[in-house]
Structures are given as structure tokens and as C-alpha cells.
Amino acid sequence: MSTLKEGATAPAIESIDQHEQAFSLKKLRGRKVVLYFYPKDDTPGCTKEACSFRDQHETLQAQGYEVVGVSPDSAAKHRKFIDKYELPFTLLPDTDHAISLAYGVWGKKKFMGREYEGVMRTTFLIDEKGKIERIIDKVDTTNSAAQILEG
């Protein structure tokens with residue numbers, strides 16, 4: 001679970017996107033941002049989550065949201081994932097875990113009795129001024145967009 005709190009300034013992100021173009025969270029000021037962290041492209045839960053955002057993308061945009069996903073996958077893997085599922089939003093590679101660490105969502109996890117380091121699925125809603133408006137740490141992968149829209 002992230003150590004960030006609602007009302008805090010969202011940590012800066014200076015990265016590249018899936019096309020290896022410069023990305024800055026600061027450039028999205030004036031718009032609301034859905035910043036979602038997920039473990040891995042093209043896995044069942046992560047695909048459901050991405051497709052939920054895809055299917056509600058126009059509605060989210062109409063409400064002023066830009067969707068940005070972050071995972072440890074490479075830009076090339078993100079491009080394949082985007083192409084396969086026709087995802088209309090930005091995915092950021094976080095291969096060094098710097099973004100996940102800044103947001104406090106990289107840490108110890110358990111799966112089937114095995115402990116390992118990884119991304120804790122979390123969604124941050126960031127307001128137009130760059131403040132964290134809401135943190136969703138119990139993400140419903142099938143209905144992740146609805147969790148935001150029904151807020």
C-alpha cells in the first residue's frame with residue numbers, strides 16, 4: 001500500500017512513453033489524470049483492467065480524465081499490448097521501478113506462498129493542480145473504470 005496520502009502533491013514523472021517519446025506528468029496539469037499501476041502486460045487481470053479503461057475511455061475523457069498506465073514492462077512490450085487490445089491511452093515503462101518506488105507501490109508481495117518484489121496494483125486520481133484526489137488500492141480489474149466514474 002502506498003505511503004502517499006490523498007491531498008498530497010503527486011510525485012513528478014519524467015519518463016518515456018510506449019513510443020519512447022518524452023513524457024512529463026507536469027504537462028498534463030489542467031487535466032485530471034487516472035494514473036494506474038499494474039504488474040504486467042497481457043496477463044489476465046492486467047488485461048481486464050486495461051480493457052475496462054479502453055471501453056470507458058471516451059466517458060473518462062468527457063469527464064476530463066487522461067489515462068496513463070505504468071508497469072515494469074518495456075516500451076516494446078507496451079506497444080504490443082496496446083496494439084493487441086487497441087488501447088487508446090499512454091503506457092509508461094518502469095523497468096527500473098523508479099516511478100513505482102516514488103508512488104510507494106513497489107514492494108513485497110505474496111502469491112501462492114511465494115514472496116517476491118513487484119507492483120502493488122493501485123490507481124491514483126490526480127486533480128488538475130497535480131494533487132492526489134483519491135487512491136484506489138482495492139482495484140476491481142474488471143470494473144476499474146467504473147470505480148472511478150462511480151467514485
Side-chain angles (χ1 to χ4, degrees), residues 1-43 45-107 118-151:
M1 175 136 81
S2 176
T3 56
L4 293 174
K5 302 284 183 226
E6 293 174 359
T9 299
I13 298 174
E14 298 291 333
S15 185
I16 59 166
D17 65 13
Q18 69 271 12
H19 302 295
E20 299 183 42
Q21 300 297 311
F23 174 90
S24 171
L25 186 60
K26 196 172 195 172
K27 288 184 181 174
L28 294 179
R29 288 273 166 90
R31 291 181 264 173
K32 296 184 280 188
V33 178
V34 173
L35 182 66
Y36 81 99
F37 290 83
Y38 65 99
K40 190 172 170 83
D41 289 341
D42 215 6
T43 57
C46 297
T47 299
K48 285 179 188 174
E49 184 175 20
C51 289
S52 172
F53 287 127
R54 177 201 63 202
D55 295 346
Q56 293 296 319
H57 191 252
E58 286 182 20
T59 304
L60 288 163
Q61 283 196 312
Q63 292 197 13
Y65 287 105
E66 290 293 326
V67 177
V68 178
V70 181
S71 87
D73 293 306
S74 68
K77 283 187 82 178
H78 282 335
R79 286 191 303 272
K80 287 180 185 172
F81 188 46
I82 286 168
D83 291 345
K84 184 173 181 179
Y85 293 100
E86 299 178 6
L87 305 177
F89 48 82
T90 300
L91 295 180
L92 304 178
D94 189 28
T95 56
D96 63 358
H97 320 301
I99 302 169
S100 298
L101 287 166
Y103 278 79
V105 298
W106 182 265
V119 173
M120 291 167 258
R121 189 183 308 276
T122 310
T123 301
F124 293 85
L125 301 184
I126 301 169
D127 72 14
E128 298 89 340
K129 295 177 183 168
K131 300 281 185 194
I132 298 171
E133 195 171 78
R134 191 164 144 221
I135 301 170
I136 303 169
D137 55 13
K138 290 178 177 46
V139 175
D140 176 350
T141 56
T142 303
N143 299 301
S144 33
Q147 282 183 291
I148 294 160
L149 295 167
E150 295 167 4

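Everything quoted here is computed from the prediction, not taken from an experiment.
By the 4.5 Å heavy-atom criterion applied to side chains, Leu25 and Val68 are not counted as neighbours. Taking the side chain as every heavy atom from C-beta outward, Pro93 and Glu20 never approach each other to under 4.5 Å. Residues Pro88 and Arg54 form a side-chain contact, since some pair of their non-hydrogen atoms from C-beta on lies under 4.5 Å apart. With a 4.5 Å cut-off on side-chain heavy atoms, Ile99 and Phe37 count as touching. Using a 4.5 Å cut-off on side-chain heavy atoms (C-beta onward), Ser71 and Leu91 make no contact. When side chains are defined from C-beta on, Gln63 does not count as touching Gln56, because their heavy atoms never get closer than 4.5 Å. Using a 4.5 Å cut-off on side-chain heavy atoms (C-beta onward), Phe124 and Val105 make contact. Looking at Ile136 and Ile148, their side chains come closer than 4.5 Å, going by heavy atoms from C-beta outward.
Note that OG1 of Thr123 and NZ of Lys138 are 13.0 Å apart. Values are rounded to the nearest 0.5 Å. The structure places CG of Asp94 at 12.0 Å from OG of Ser74, a figure rounded to the nearest 0.5 Å. Taken to the nearest 0.5 Å, the CG atom of Leu92 stands 12.0 Å off from the CG atom of Asp73. Between Thr142 atom OG1 and Asp55 atom CG the span is 11.0 Å, to the nearest 0.5 Å. The CG atom of Asp127 sits 14.0 Å away from atom CZ of Arg31, with the distance rounded to the nearest 0.5 Å. For the atom pair NZ (Lys5) and NZ (Lys131), the distance works out to 16.0 Å, reported to the nearest 0.5 Å.
Annotation for Thr95 and Pro72: closest pair CG2-O, 3.4 Å, computed over non-hydrogen atoms. Minimum heavy-atom separation, Glu14 to Ser24: OE2-OG, 2.9 Å. Cys51 and Tyr85 make their closest contact through SG-CD2, 3.8 Å (heavy atoms, listed as atom of the first residue, atom of the second, distance). The two residues Ala75 and Asp17 have their closest heavy-atom pair at CB-O, 3.9 Å. Taking every heavy atom of both residues into account, Thr141 and Ser52 meet most closely at O-CB, 3.9 Å.
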Given the rule in the side-chain contact (heavy atoms from CB on, under 4.5 Å) test, do Cys46 and Arg121 qualify, once you have shown the distances and angles that lead to the verdict? CA-CA 9 Å; Cys46 297; Arg121 189 183 308 276; 3.5 Å; yes
Chi angles and distances behind the side-chain contact (heavy atoms from CB on, under 4.5 Å) call for Ile13, Tyr103: CA-CA 10 Å; Ile13 298 174; Tyr103 278 79; 3.9 Å; yes
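Distance alone, capped at 3.5 Å, is enough to place a donor-acceptor pair between the Arg79 side chain and the Gln18 backbone. With Thr122 contributing its side chain and Met120 its backbone, the two residues share a donor-acceptor pair below 3.5 Å. A side-chain donor-acceptor contact under 3.5 Å links Gln147 to the backbone of Asp140.
Taking the six-membered ring for Trp and thresholds of 30 and 60 degrees, Phe53 and Tyr36 have ring planes inclined between 30 and 60 degrees apart.
Partner of His78 under the side chain to side chain donor-acceptor pair (under 3.5 Å) criterion, out of Asp41, Asp83, Thr90: Asp41 alone.
Using a cutoff of 4.0 Å between basic side-chain nitrogens and carboxylate oxygens, Lys32 and Glu133 are not scored as salt-bridged.
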